[in-house]
Protein chains: 2
Amino acid sequence: MNADKIPDIIIGRLPIYLRALQRLSDKGVQNTSSQELGDMIGISAAQIRKDISQFGEFGKQGTGYSIPFLIERLQSILKVNRIWDVIIVGMGDMGHALARYNGFANRGFKVTMLFDNDPKKIGQKVNNLEIFSMDVLSEKIKQNRIKVAMLTVPASAAQEVSNQLVKAGVKAILNYAPTHLNVPPDVRVQHIDPATHLQRMTYYL
Amino acid sequence: MNADKIPDIIIGRLPIYLRALQRLSDKGVQNTSSQELGDMIGISAAQIRKDISQFGEFGKQGTGYSIPFLIERLQSILKVNRIWDVIIVGMGDMGHALARYNGFANRGFKVTMLFDNDPKKIGQKVNNLEIFSMDVLSEKIKQNRIKVAMLTVPASAAQEVSNQLVKAGVKAILNYAPTHLNVPPDVRVQHIDPATHLQRMTYYL
DNA sequence: AATATTTTGTACAATCAGGCACAAACGGTC
DNA sequence: GACCGTTTGTGCCTGATTGTACAAAATATT
(Lines give C-alpha, C1' and ligand atoms only; values in the text may rest on other atoms or scores of the structure.)
Protein backbone atom coordinates (compact mmCIF):
# COMPACT_ATOMS: atom_id res chain seq x y z
CA MET A 1 0.00 0.00 0.00
CA ASN A 2 1.30 3.37 -0.99
CA ALA A 3 -1.39 5.77 0.09
CA ASP A 4 0.83 8.85 0.54
CA LYS A 5 -0.15 10.69 -2.61
CA ILE A 6 -2.10 9.10 -5.42
CA PRO A 7 -2.23 11.22 -8.60
CA ASP A 8 -5.65 12.58 -9.41
CA ILE A 9 -5.46 11.07 -12.88
CA ILE A 10 -5.45 7.61 -11.30
CA ILE A 11 -8.34 8.48 -8.99
CA GLY A 12 -10.22 9.57 -12.08
CA ARG A 13 -9.90 6.13 -13.64
CA LEU A 14 -11.07 4.18 -10.61
CA PRO A 15 -14.77 5.02 -11.11
CA ILE A 16 -14.43 3.75 -14.69
CA TYR A 17 -13.00 0.47 -13.45
CA LEU A 18 -15.69 0.23 -10.80
CA ARG A 19 -18.45 0.81 -13.31
CA ALA A 20 -17.13 -1.90 -15.62
CA LEU A 21 -16.69 -4.33 -12.74
CA GLN A 22 -20.25 -3.77 -11.54
CA ARG A 23 -21.42 -4.43 -15.06
CA LEU A 24 -19.54 -7.74 -15.10
CA SER A 25 -20.83 -8.57 -11.64
CA ASP A 26 -24.41 -7.93 -12.74
CA LYS A 27 -23.85 -10.47 -15.49
CA GLY A 28 -22.79 -12.97 -12.85
CA VAL A 29 -19.07 -12.99 -13.69
CA GLN A 30 -16.90 -13.73 -10.63
CA ASN A 31 -13.36 -13.15 -11.89
CA THR A 32 -11.58 -11.02 -14.44
CA SER A 33 -8.09 -10.02 -15.54
CA SER A 34 -6.49 -6.69 -16.27
CA GLN A 35 -6.45 -7.79 -19.90
CA GLU A 36 -10.20 -8.46 -20.08
CA LEU A 37 -11.07 -5.32 -18.15
CA GLY A 38 -8.78 -3.25 -20.35
CA ASP A 39 -10.36 -4.58 -23.52
CA MET A 40 -13.77 -3.66 -22.14
CA ILE A 41 -12.97 -0.04 -21.45
CA GLY A 42 -10.15 0.73 -23.86
CA ILE A 43 -7.34 1.08 -21.32
CA SER A 44 -4.08 -0.87 -21.40
CA ALA A 45 -3.82 -3.86 -19.09
CA ALA A 46 -0.53 -2.60 -17.66
CA GLN A 47 -2.13 0.69 -16.72
CA ILE A 48 -4.98 -0.99 -14.92
CA ARG A 49 -2.62 -3.26 -13.00
CA LYS A 50 -0.43 -0.35 -12.02
CA ASP A 51 -3.35 1.81 -10.96
CA ILE A 52 -4.87 -0.90 -8.80
CA SER A 53 -1.54 -1.93 -7.28
CA GLN A 54 -1.20 1.59 -5.85
CA PHE A 55 -3.67 0.56 -3.19
CA GLY A 56 -2.53 -2.97 -2.44
CA GLU A 57 -2.08 -6.39 -3.99
CA PHE A 58 -5.65 -7.21 -4.89
CA GLY A 59 -4.99 -9.72 -7.67
CA LYS A 60 -3.62 -13.21 -7.85
CA GLN A 61 -1.07 -14.36 -10.40
CA GLY A 62 -2.51 -16.77 -12.89
CA THR A 63 -6.16 -16.06 -12.07
CA GLY A 64 -6.52 -12.27 -11.99
CA TYR A 65 -8.93 -10.41 -9.76
CA SER A 66 -11.97 -11.51 -7.79
CA ILE A 67 -14.70 -9.16 -8.97
CA PRO A 68 -16.67 -8.90 -5.71
CA PHE A 69 -13.46 -8.31 -3.78
CA LEU A 70 -12.13 -5.69 -6.19
CA ILE A 71 -15.49 -3.92 -6.24
CA GLU A 72 -15.48 -3.80 -2.48
CA ARG A 73 -11.92 -2.43 -2.43
CA LEU A 74 -12.60 0.27 -5.05
CA GLN A 75 -15.81 1.32 -3.34
CA SER A 76 -13.94 1.63 -0.09
CA ILE A 77 -11.10 3.64 -1.67
CA LEU A 78 -13.54 5.98 -3.38
CA LYS A 79 -15.63 6.16 -0.20
CA VAL A 80 -18.75 5.02 -2.00
CA ASN A 81 -19.22 2.00 0.24
CA ARG A 82 -21.80 4.22 1.90
CA ILE A 83 -24.56 6.52 0.62
CA TRP A 84 -23.85 10.24 0.25
CA ASP A 85 -26.80 12.56 0.49
CA VAL A 86 -26.73 14.90 -2.51
CA ILE A 87 -28.69 18.08 -3.15
CA ILE A 88 -29.67 19.65 -6.45
CA VAL A 89 -29.69 23.43 -6.73
CA GLY A 90 -31.59 24.82 -9.70
CA MET A 91 -34.70 22.95 -10.79
CA GLY A 92 -34.74 23.72 -14.50
CA ASP A 93 -34.87 20.93 -17.05
CA MET A 94 -31.47 19.59 -16.05
CA GLY A 95 -32.26 19.68 -12.35
CA HIS A 96 -35.50 17.83 -13.06
CA ALA A 97 -33.74 15.19 -15.12
CA LEU A 98 -31.17 14.61 -12.39
CA ALA A 99 -33.83 14.50 -9.66
CA ARG A 100 -35.63 11.77 -11.56
CA TYR A 101 -32.48 9.88 -12.60
CA ASN A 102 -32.38 6.43 -11.06
CA GLY A 103 -28.73 5.75 -11.81
CA PHE A 104 -27.37 7.00 -8.49
CA ALA A 105 -28.95 4.34 -6.33
CA ASN A 106 -26.28 1.63 -6.35
CA ARG A 107 -23.34 3.92 -6.91
CA GLY A 108 -23.10 5.63 -3.57
CA PHE A 109 -25.44 8.61 -3.90
CA LYS A 110 -28.98 9.62 -3.07
CA VAL A 111 -30.64 12.87 -4.03
CA THR A 112 -32.29 14.09 -0.84
CA MET A 113 -33.16 17.75 -1.35
CA LEU A 114 -33.99 20.14 -4.18
CA PHE A 115 -33.68 23.92 -4.27
CA ASP A 116 -34.79 26.75 -6.54
CA ASN A 117 -35.46 30.45 -6.18
CA ASP A 118 -38.59 30.56 -8.34
CA PRO A 119 -41.67 31.06 -6.07
CA LYS A 120 -43.78 29.11 -8.57
CA LYS A 121 -41.55 26.04 -8.16
CA ILE A 122 -41.03 26.18 -4.41
CA GLY A 123 -43.26 23.68 -2.65
CA GLN A 124 -43.79 21.56 -5.76
CA LYS A 125 -42.62 17.99 -5.75
CA VAL A 126 -40.31 16.22 -8.17
CA ASN A 127 -39.82 12.49 -7.77
CA ASN A 128 -41.44 12.78 -4.33
CA LEU A 129 -38.99 15.43 -3.18
CA GLU A 130 -40.18 18.90 -2.27
CA ILE A 131 -38.47 21.89 -3.83
CA PHE A 132 -37.17 24.24 -1.13
CA SER A 133 -36.50 27.94 -1.31
CA MET A 134 -32.92 29.16 -1.67
CA ASP A 135 -33.55 31.03 1.57
CA VAL A 136 -33.23 27.81 3.53
CA LEU A 137 -30.32 26.39 1.48
CA SER A 138 -27.58 27.12 3.97
CA GLU A 139 -29.66 26.04 6.94
CA LYS A 140 -30.64 22.71 5.36
CA ILE A 141 -27.09 21.95 4.22
CA LYS A 142 -25.76 22.48 7.71
CA GLN A 143 -28.61 20.59 9.39
CA ASN A 144 -28.09 17.54 7.21
CA ARG A 145 -24.31 17.85 6.92
CA ILE A 146 -24.51 17.79 3.12
CA LYS A 147 -21.10 17.51 1.47
CA VAL A 148 -22.07 16.91 -2.17
CA ALA A 149 -24.14 19.15 -4.45
CA MET A 150 -25.14 19.27 -8.09
CA LEU A 151 -25.36 22.80 -9.46
CA THR A 152 -27.85 23.31 -12.28
CA VAL A 153 -28.50 27.03 -12.16
CA PRO A 154 -27.88 29.51 -15.02
CA ALA A 155 -24.25 30.47 -15.57
CA SER A 156 -24.97 33.99 -14.36
CA ALA A 157 -25.93 32.71 -10.90
CA ALA A 158 -23.48 29.84 -10.60
CA GLN A 159 -20.59 31.56 -8.83
CA GLU A 160 -22.82 33.19 -6.26
CA VAL A 161 -24.68 29.98 -5.47
CA SER A 162 -21.39 28.12 -5.36
CA ASN A 163 -20.17 30.57 -2.71
CA GLN A 164 -23.27 29.83 -0.64
CA LEU A 165 -22.75 26.08 -0.97
CA VAL A 166 -19.11 26.31 0.08
CA LYS A 167 -19.89 28.60 2.98
CA ALA A 168 -22.49 26.14 4.24
CA GLY A 169 -20.03 23.25 4.15
CA VAL A 170 -20.33 21.58 0.73
CA LYS A 171 -17.01 20.02 -0.34
CA ALA A 172 -17.85 18.52 -3.76
CA ILE A 173 -19.75 20.29 -6.53
CA LEU A 174 -20.86 18.79 -9.80
CA ASN A 175 -21.22 21.93 -11.90
CA TYR A 176 -23.61 21.86 -14.87
CA ALA A 177 -23.39 25.61 -15.42
CA PRO A 178 -21.20 26.51 -18.40
CA THR A 179 -18.77 28.57 -16.38
CA HIS A 180 -15.72 28.10 -14.21
CA LEU A 181 -16.27 28.11 -10.45
CA ASN A 182 -13.84 29.70 -8.06
CA VAL A 183 -13.68 27.66 -4.86
CA PRO A 184 -11.22 27.20 -1.97
CA PRO A 185 -8.59 24.45 -2.42
CA ASP A 186 -10.39 22.02 -0.11
CA VAL A 187 -13.48 21.98 -2.34
CA ARG A 188 -13.58 19.76 -5.45
CA VAL A 189 -15.42 20.72 -8.61
CA GLN A 190 -16.26 18.62 -11.66
CA HIS A 191 -17.59 20.34 -14.75
CA ILE A 192 -20.23 18.98 -17.10
CA ASP A 193 -20.86 21.24 -20.09
CA PRO A 194 -22.22 19.52 -23.19
CA ALA A 195 -21.11 22.30 -25.53
CA THR A 196 -17.55 22.13 -24.22
CA HIS A 197 -17.51 18.37 -24.60
CA LEU A 198 -18.81 18.63 -28.14
CA GLN A 199 -16.27 21.28 -29.07
CA ARG A 200 -13.54 18.98 -27.90
CA MET A 201 -14.58 16.51 -30.58
CA THR A 202 -15.27 18.78 -33.55
CA TYR A 203 -11.55 19.56 -33.80
CA TYR A 204 -11.07 16.05 -35.15
CA LEU A 205 -13.90 16.10 -37.69
CA MET B 1 2.39 27.22 -36.54
CA ASN B 2 3.03 23.63 -35.60
CA ALA B 3 -0.06 21.76 -36.71
CA ASP B 4 1.54 18.34 -37.13
CA LYS B 5 0.22 16.74 -33.98
CA ILE B 6 -1.41 18.69 -31.17
CA PRO B 7 -1.89 16.65 -27.98
CA ASP B 8 -5.50 15.93 -27.13
CA ILE B 9 -5.03 17.39 -23.69
CA ILE B 10 -4.40 20.79 -25.29
CA ILE B 11 -7.42 20.45 -27.56
CA GLY B 12 -9.42 19.72 -24.44
CA ARG B 13 -8.47 23.04 -22.90
CA LEU B 14 -9.29 25.18 -25.93
CA PRO B 15 -13.07 25.03 -25.37
CA ILE B 16 -12.45 26.23 -21.81
CA TYR B 17 -10.46 29.18 -23.08
CA LEU B 18 -13.10 29.90 -25.69
CA ARG B 19 -15.90 29.83 -23.14
CA ALA B 20 -14.06 32.26 -20.86
CA LEU B 21 -13.23 34.57 -23.77
CA GLN B 22 -16.85 34.67 -24.90
CA ARG B 23 -17.82 35.55 -21.37
CA LEU B 24 -15.38 38.45 -21.38
CA SER B 25 -16.54 39.48 -24.83
CA ASP B 26 -20.16 39.51 -23.65
CA LYS B 27 -19.11 41.92 -20.95
CA GLY B 28 -17.64 44.17 -23.63
CA VAL B 29 -13.98 43.52 -22.83
CA GLN B 30 -11.76 43.85 -25.92
CA ASN B 31 -8.36 42.63 -24.72
CA THR B 32 -6.96 40.24 -22.17
CA SER B 33 -3.70 38.62 -21.11
CA SER B 34 -2.71 35.04 -20.37
CA GLN B 35 -2.44 36.15 -16.76
CA GLU B 36 -5.98 37.47 -16.53
CA LEU B 37 -7.44 34.52 -18.42
CA GLY B 38 -5.53 32.08 -16.25
CA ASP B 39 -6.79 33.69 -13.07
CA MET B 40 -10.34 33.40 -14.39
CA ILE B 41 -10.21 29.68 -15.06
CA GLY B 42 -7.53 28.42 -12.71
CA ILE B 43 -4.87 27.57 -15.28
CA SER B 44 -1.32 28.93 -15.26
CA ALA B 45 -0.57 31.80 -17.58
CA ALA B 46 2.43 29.95 -19.04
CA GLN B 47 0.25 27.00 -19.94
CA ILE B 48 -2.29 29.16 -21.72
CA ARG B 49 0.43 30.95 -23.68
CA LYS B 50 2.04 27.68 -24.66
CA ASP B 51 -1.25 26.09 -25.67
CA ILE B 52 -2.29 29.02 -27.83
CA SER B 53 1.14 29.42 -29.39
CA GLN B 54 0.83 25.88 -30.79
CA PHE B 55 -1.44 27.35 -33.44
CA GLY B 56 0.31 30.60 -34.24
CA GLU B 57 1.36 33.89 -32.72
CA PHE B 58 -1.99 35.36 -31.78
CA GLY B 59 -0.84 37.69 -29.02
CA LYS B 60 1.17 40.87 -28.89
CA GLN B 61 3.92 41.57 -26.38
CA GLY B 62 3.00 44.24 -23.92
CA THR B 63 -0.73 44.20 -24.66
CA GLY B 64 -1.80 40.55 -24.68
CA TYR B 65 -4.54 39.13 -26.88
CA SER B 66 -7.36 40.76 -28.83
CA ILE B 67 -10.43 38.94 -27.58
CA PRO B 68 -12.47 39.03 -30.82
CA PHE B 69 -9.45 37.87 -32.79
CA LEU B 70 -8.58 35.06 -30.38
CA ILE B 71 -12.21 33.91 -30.28
CA GLU B 72 -12.26 33.80 -34.05
CA ARG B 73 -9.03 31.79 -34.14
CA LEU B 74 -10.13 29.28 -31.49
CA GLN B 75 -13.52 28.82 -33.15
CA SER B 76 -11.78 28.18 -36.42
CA ILE B 77 -9.33 25.68 -34.87
CA LEU B 78 -12.14 23.82 -33.12
CA LYS B 79 -14.26 24.04 -36.27
CA VAL B 80 -17.10 25.74 -34.42
CA ASN B 81 -17.04 28.80 -36.66
CA ARG B 82 -20.01 27.09 -38.28
CA ILE B 83 -23.12 25.34 -36.95
CA TRP B 84 -23.11 21.56 -36.59
CA ASP B 85 -26.44 19.81 -36.77
CA VAL B 86 -26.75 17.51 -33.77
CA ILE B 87 -29.25 14.73 -33.09
CA ILE B 88 -30.44 13.37 -29.77
CA VAL B 89 -31.14 9.66 -29.48
CA GLY B 90 -33.24 8.64 -26.49
CA MET B 91 -35.92 11.04 -25.32
CA GLY B 92 -36.04 10.28 -21.63
CA ASP B 93 -35.63 13.04 -19.09
CA MET B 94 -32.04 13.75 -20.14
CA GLY B 95 -32.90 13.81 -23.84
CA HIS B 96 -35.74 16.22 -23.08
CA ALA B 97 -33.49 18.48 -21.06
CA LEU B 98 -30.90 18.59 -23.83
CA ALA B 99 -33.53 19.20 -26.51
CA ARG B 100 -34.78 22.21 -24.59
CA TYR B 101 -31.33 23.50 -23.60
CA ASN B 102 -30.61 26.86 -25.16
CA GLY B 103 -26.89 26.86 -24.47
CA PHE B 104 -25.84 25.37 -27.80
CA ALA B 105 -26.94 28.30 -29.95
CA ASN B 106 -23.82 30.45 -29.98
CA ARG B 107 -21.34 27.67 -29.44
CA GLY B 108 -21.47 25.92 -32.78
CA PHE B 109 -24.29 23.44 -32.41
CA LYS B 110 -27.97 23.11 -33.17
CA VAL B 111 -30.19 20.20 -32.20
CA THR B 112 -32.09 19.33 -35.36
CA MET B 113 -33.62 15.88 -34.82
CA LEU B 114 -34.82 13.69 -31.97
CA PHE B 115 -35.21 9.91 -31.88
CA ASP B 116 -36.80 7.34 -29.58
CA ASN B 117 -38.12 3.80 -29.94
CA ASP B 118 -41.19 4.29 -27.73
CA PRO B 119 -44.34 4.36 -29.95
CA LYS B 120 -46.01 6.67 -27.42
CA LYS B 121 -43.26 9.27 -27.86
CA ILE B 122 -42.85 9.03 -31.63
CA GLY B 123 -44.61 11.92 -33.36
CA GLN B 124 -44.70 14.08 -30.24
CA LYS B 125 -42.88 17.40 -30.29
CA VAL B 126 -40.24 18.70 -27.90
CA ASN B 127 -39.10 22.26 -28.32
CA ASN B 128 -40.80 22.31 -31.70
CA LEU B 129 -38.89 19.24 -32.91
CA GLU B 130 -40.71 16.04 -33.80
CA ILE B 131 -39.55 12.78 -32.25
CA PHE B 132 -38.75 10.24 -34.96
CA SER B 133 -38.76 6.47 -34.79
CA MET B 134 -35.48 4.63 -34.49
CA ASP B 135 -36.47 2.91 -37.72
CA VAL B 136 -35.60 6.02 -39.68
CA LEU B 137 -32.46 6.87 -37.68
CA SER B 138 -29.95 5.64 -40.22
CA GLU B 139 -31.82 7.11 -43.15
CA LYS B 140 -32.17 10.55 -41.55
CA ILE B 141 -28.53 10.65 -40.48
CA LYS B 142 -27.36 9.89 -44.00
CA GLN B 143 -29.85 12.27 -45.62
CA ASN B 144 -28.73 15.17 -43.45
CA ARG B 145 -25.08 14.17 -43.23
CA ILE B 146 -25.20 14.26 -39.43
CA LYS B 147 -21.76 13.92 -37.82
CA VAL B 148 -22.54 14.67 -34.18
CA ALA B 149 -24.95 12.85 -31.86
CA MET B 150 -25.89 12.91 -28.21
CA LEU B 151 -26.74 9.49 -26.84
CA THR B 152 -29.24 9.44 -23.97
CA VAL B 153 -30.56 5.89 -24.07
CA PRO B 154 -30.35 3.35 -21.23
CA ALA B 155 -26.94 1.73 -20.73
CA SER B 156 -28.31 -1.60 -21.92
CA ALA B 157 -29.07 -0.17 -25.37
CA ALA B 158 -26.15 2.22 -25.71
CA GLN B 159 -23.66 0.00 -27.53
CA GLU B 160 -26.18 -1.20 -30.06
CA VAL B 161 -27.45 2.31 -30.82
CA SER B 162 -23.87 3.53 -31.00
CA ASN B 163 -23.18 0.90 -33.65
CA GLN B 164 -26.11 2.20 -35.67
CA LEU B 165 -24.91 5.79 -35.35
CA VAL B 166 -21.40 4.90 -36.46
CA LYS B 167 -22.62 2.80 -39.35
CA ALA B 168 -24.75 5.70 -40.56
CA GLY B 169 -21.80 8.09 -40.51
CA VAL B 170 -21.73 9.78 -37.09
CA LYS B 171 -18.18 10.70 -36.06
CA ALA B 172 -18.65 12.32 -32.65
CA ILE B 173 -20.81 10.93 -29.86
CA LEU B 174 -21.57 12.60 -26.56
CA ASN B 175 -22.46 9.59 -24.45
CA TYR B 176 -24.75 10.09 -21.45
CA ALA B 177 -25.22 6.35 -20.91
CA PRO B 178 -23.16 5.08 -17.95
CA THR B 179 -21.20 2.60 -20.02
CA HIS B 180 -18.13 2.51 -22.23
CA LEU B 181 -18.75 2.60 -25.97
CA ASN B 182 -16.69 0.59 -28.40
CA VAL B 183 -16.21 2.58 -31.61
CA PRO B 184 -13.75 2.61 -34.52
CA PRO B 185 -10.66 4.80 -34.13
CA ASP B 186 -12.03 7.52 -36.41
CA VAL B 187 -15.02 8.13 -34.13
CA ARG B 188 -14.66 10.31 -31.03
CA VAL B 189 -16.61 9.71 -27.84
CA GLN B 190 -16.99 11.93 -24.79
CA HIS B 191 -18.56 10.48 -21.67
CA ILE B 192 -20.86 12.28 -19.27
CA ASP B 193 -21.84 10.18 -16.29
CA PRO B 194 -22.80 12.10 -13.16
CA ALA B 195 -22.19 9.17 -10.83
CA THR B 196 -18.67 8.68 -12.20
CA HIS B 197 -17.94 12.37 -11.82
CA LEU B 198 -19.22 12.35 -8.26
CA GLN B 199 -17.19 9.26 -7.37
CA ARG B 200 -14.11 11.04 -8.58
CA MET B 201 -14.64 13.65 -5.87
CA THR B 202 -15.70 11.53 -2.90
CA TYR B 203 -12.17 10.09 -2.69
CA TYR B 204 -11.04 13.43 -1.34
CA LEU B 205 -13.81 13.89 1.24
C1' DA C 1 5.70 -34.70 -10.55
C1' DA C 2 7.06 -32.11 -14.32
C1' DT C 3 5.77 -28.87 -17.73
C1' DA C 4 3.03 -25.35 -19.88
C1' DT C 5 0.02 -21.45 -19.47
C1' DT C 6 -1.78 -17.50 -17.42
C1' DT C 7 -1.47 -13.32 -15.01
C1' DT C 8 0.12 -10.21 -11.44
C1' DG C 9 3.22 -6.58 -9.57
C1' DT C 10 7.12 -3.87 -10.52
C1' DA C 11 11.80 -2.24 -12.22
C1' DC C 12 13.34 0.26 -15.90
C1' DA C 13 12.92 3.08 -19.98
C1' DA C 14 10.75 6.29 -22.75
C1' DT C 15 7.63 9.75 -23.57
C1' DC C 16 4.77 13.58 -22.29
C1' DA C 17 3.29 17.67 -19.86
C1' DG C 18 3.99 21.62 -17.03
C1' DG C 19 6.70 25.32 -14.73
C1' DC C 20 10.46 28.73 -14.88
C1' DA C 21 12.77 32.33 -16.67
C1' DC C 22 14.14 35.50 -20.03
C1' DA C 23 14.91 37.87 -24.56
C1' DA C 24 12.21 40.41 -27.57
C1' DA C 25 8.51 43.41 -28.63
C1' DC C 26 5.00 46.70 -27.67
C1' DG C 27 2.76 50.96 -25.68
C1' DG C 28 3.02 54.77 -22.74
C1' DT C 29 5.55 58.60 -20.42
C1' DC C 30 8.80 62.15 -19.90
C1' DG D 1 14.07 59.50 -28.57
C1' DA D 2 15.20 57.22 -24.22
C1' DC D 3 13.23 54.78 -20.54
C1' DC D 4 9.86 51.95 -18.04
C1' DG D 5 6.41 48.57 -17.22
C1' DT D 6 3.94 44.83 -19.41
C1' DT D 7 3.33 40.62 -21.79
C1' DT D 8 4.26 37.24 -25.35
C1' DG D 9 6.61 33.09 -27.21
C1' DT D 10 9.94 29.66 -26.24
C1' DG D 11 14.19 27.02 -24.63
C1' DC D 12 15.29 24.33 -20.86
C1' DC D 13 14.49 21.59 -17.04
C1' DT D 14 11.95 18.80 -13.91
C1' DG D 15 8.45 15.88 -12.69
C1' DA D 16 4.58 13.02 -14.08
C1' DT D 17 2.72 9.44 -16.81
C1' DT D 18 2.75 5.56 -19.70
C1' DG D 19 4.71 1.48 -21.92
C1' DT D 20 7.88 -2.69 -21.88
C1' DA D 21 9.40 -6.69 -20.13
C1' DC D 22 10.13 -10.09 -16.87
C1' DA D 23 10.43 -12.74 -12.36
C1' DA D 24 7.29 -14.86 -9.40
C1' DA D 25 3.14 -17.13 -8.37
C1' DA D 26 -0.91 -19.56 -9.35
C1' DT D 27 -3.50 -22.93 -12.09
C1' DA D 28 -4.02 -26.41 -15.74
C1' DT D 29 -2.26 -30.30 -18.38
C1' DT D 30 0.17 -34.37 -19.31
Side-chain angles (χ1 to χ4, degrees), chain A residues 1-17 20-21 24 29-74 77 185 200 203, chain B residues 1-17 20-21 24 29-74 77 185 200 203:
Chain A
M1 173 85 78
N2 173 25
D4 17 317
K5 198 68 188 72
I6 310 289
D8 180 62
I9 195 161
I10 292 183
I11 301 303
R13 282 191 292 261
L14 299 187
I16 313 288
Y17 302 159
L21 289 165
L24 285 173
V29 185
Q30 288 290 312
N31 294 281
T32 190
S33 65
S34 59
Q35 185 65 56
E36 183 185 36
L37 196 55
D39 290 345
M40 271 183 74
I41 58 180
I43 294 182
S44 84
Q47 176 127 84
I48 292 174
R49 288 203 301 279
K50 201 178 283 189
D51 285 352
I52 292 174
S53 72
Q54 299 288 310
F55 302 93
E57 309 201 349
F58 300 157
K60 214 192 288 186
Q61 278 114 327
T63 50
Y65 300 92
S66 152
I67 291 181
F69 177 71
L70 189 51
I71 286 178
E72 190 278 323
R73 292 310 308 138
L74 289 178
I77 291 161
R200 192 182 176 145
Y203 172 79
Chain B
M1 172 85 79
N2 172 26
D4 16 318
K5 199 66 187 74
I6 309 290
D8 180 61
I9 196 163
I10 292 183
I11 301 303
R13 282 191 292 262
L14 299 187
I16 312 288
Y17 301 160
L21 289 165
L24 285 173
V29 186
Q30 289 290 312
N31 293 281
T32 190
S33 65
S34 58
Q35 185 65 54
E36 183 185 36
L37 196 54
D39 290 344
M40 272 184 73
I41 58 180
I43 294 182
S44 84
Q47 175 124 82
I48 292 175
R49 288 203 302 278
K50 200 177 282 189
D51 285 352
I52 292 174
S53 72
Q54 300 288 310
F55 302 93
E57 309 202 350
F58 300 157
K60 215 191 287 187
Q61 279 110 326
T63 50
Y65 300 92
S66 152
I67 290 180
F69 177 71
L70 189 50
I71 286 177
E72 190 278 322
R73 293 308 307 136
L74 289 179
I77 291 162
R200 191 181 177 147
Y203 172 79

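Here is the naming used below: chain letters follow the sequence lines, and residue numbers restart at 1 for every chain.
For Thr63(A), no side-chain nitrogen or oxygen approaches OP1 or OP2 of dT7(C) to under 4.0 Å. The shortest distance between the side-chain N/O atoms of Arg49(A) and the OP1/OP2 oxygens of dT6(C) is not below 4.0 Å.
Within the 4.5 Å cutoff, the side chain of Pro68(B) has heavy atoms near those of the Gln30(B) side chain. Side-chain atoms of Leu14(B) and Tyr203(A), non-hydrogen and from C-beta on, never get closer than 4.5 Å to each other. Looking only at side-chain heavy atoms (C-beta outward), Leu70(B) and Tyr17(B) stay at 4.5 Å or farther from each other. Counting heavy atoms from C-beta outward, Met40(B) and Leu24(B) have side chains that approach closer than 4.5 Å.
Side chains of Tyr65(B) and Asn31(B): a donor-acceptor N/O pair is absent below 3.5 angstrom, by distance only. For the residue pair Asp39(A)/Gln35(A), the side-chain donor-acceptor check at 3.5 Å is satisfied.
Closest contact between the side chain of Gln47(B) and the listed nucleotides dG19(C), dA25(C), dT8(C) involves dG19(C).
Mapped onto DNA chain D by nearest heavy atom, Gly62(A) and Asp51(A) fall at different nucleotides, with Asp51(A) at the one closer to the 5' end. Each of Ala46(A) and Pro7(A) was matched to the nucleotide of DNA chain D holding its nearest heavy atom; the match closer to the 5' end belongs to Pro7(A).
In this structure, Ile9(B) and Arg200(A) approach most closely via the heavy-atom pair CA-NH2, 4.5 Å. For the residue pair Leu37(B) and Thr32(B), the shortest heavy atom distance occurs at N-OG1, 4.0 Å. Summarising the geometry of Ala20(B) relative to Ile41(B), their closest heavy-atom pair is CB-CG2, 3.7 Å, with the distance given to 0.1 Å.
One can place CD1 of Ile9(B) at 11 Å from P of dG19(C), the figure rounded to the nearest angstrom. In this entry the distance linking NZ of Lys50(B) with C1' of dC16(C) reads 11 Å, nearest Å. Straight-line distance from the CD1 atom of Ile6(B) to the P atom of dC16(C): 13 Å, rounded to whole Å. The CG-P distance, from Asn31(A) to dT8(C), rounds to 11 Å in whole Å. The interatomic distance linking Leu37(A) (CG) with dT7(C) (C1') rounds to 14 Å, in whole Å.
Within the nucleic acid shown, Ile52(B) has no heavy atom closer than 4.0 Å to any nucleic acid atom.
Between its two ends, the helix from dA1(C)-dT30(D) to dC30(C)-dG1(D) turns its axis by 10°, counting five pairs per end and rounding to 10 degrees.
A donor-acceptor contact under 3.5 Å links the side chain of Gln61(A) to the base of dT8(C).
Nucleotides of DNA chain D lying under 4.0 Å from heavy atoms of chain B occupy a range whose first and last members, 5' to 3', are dT6(D) to dC12(D).
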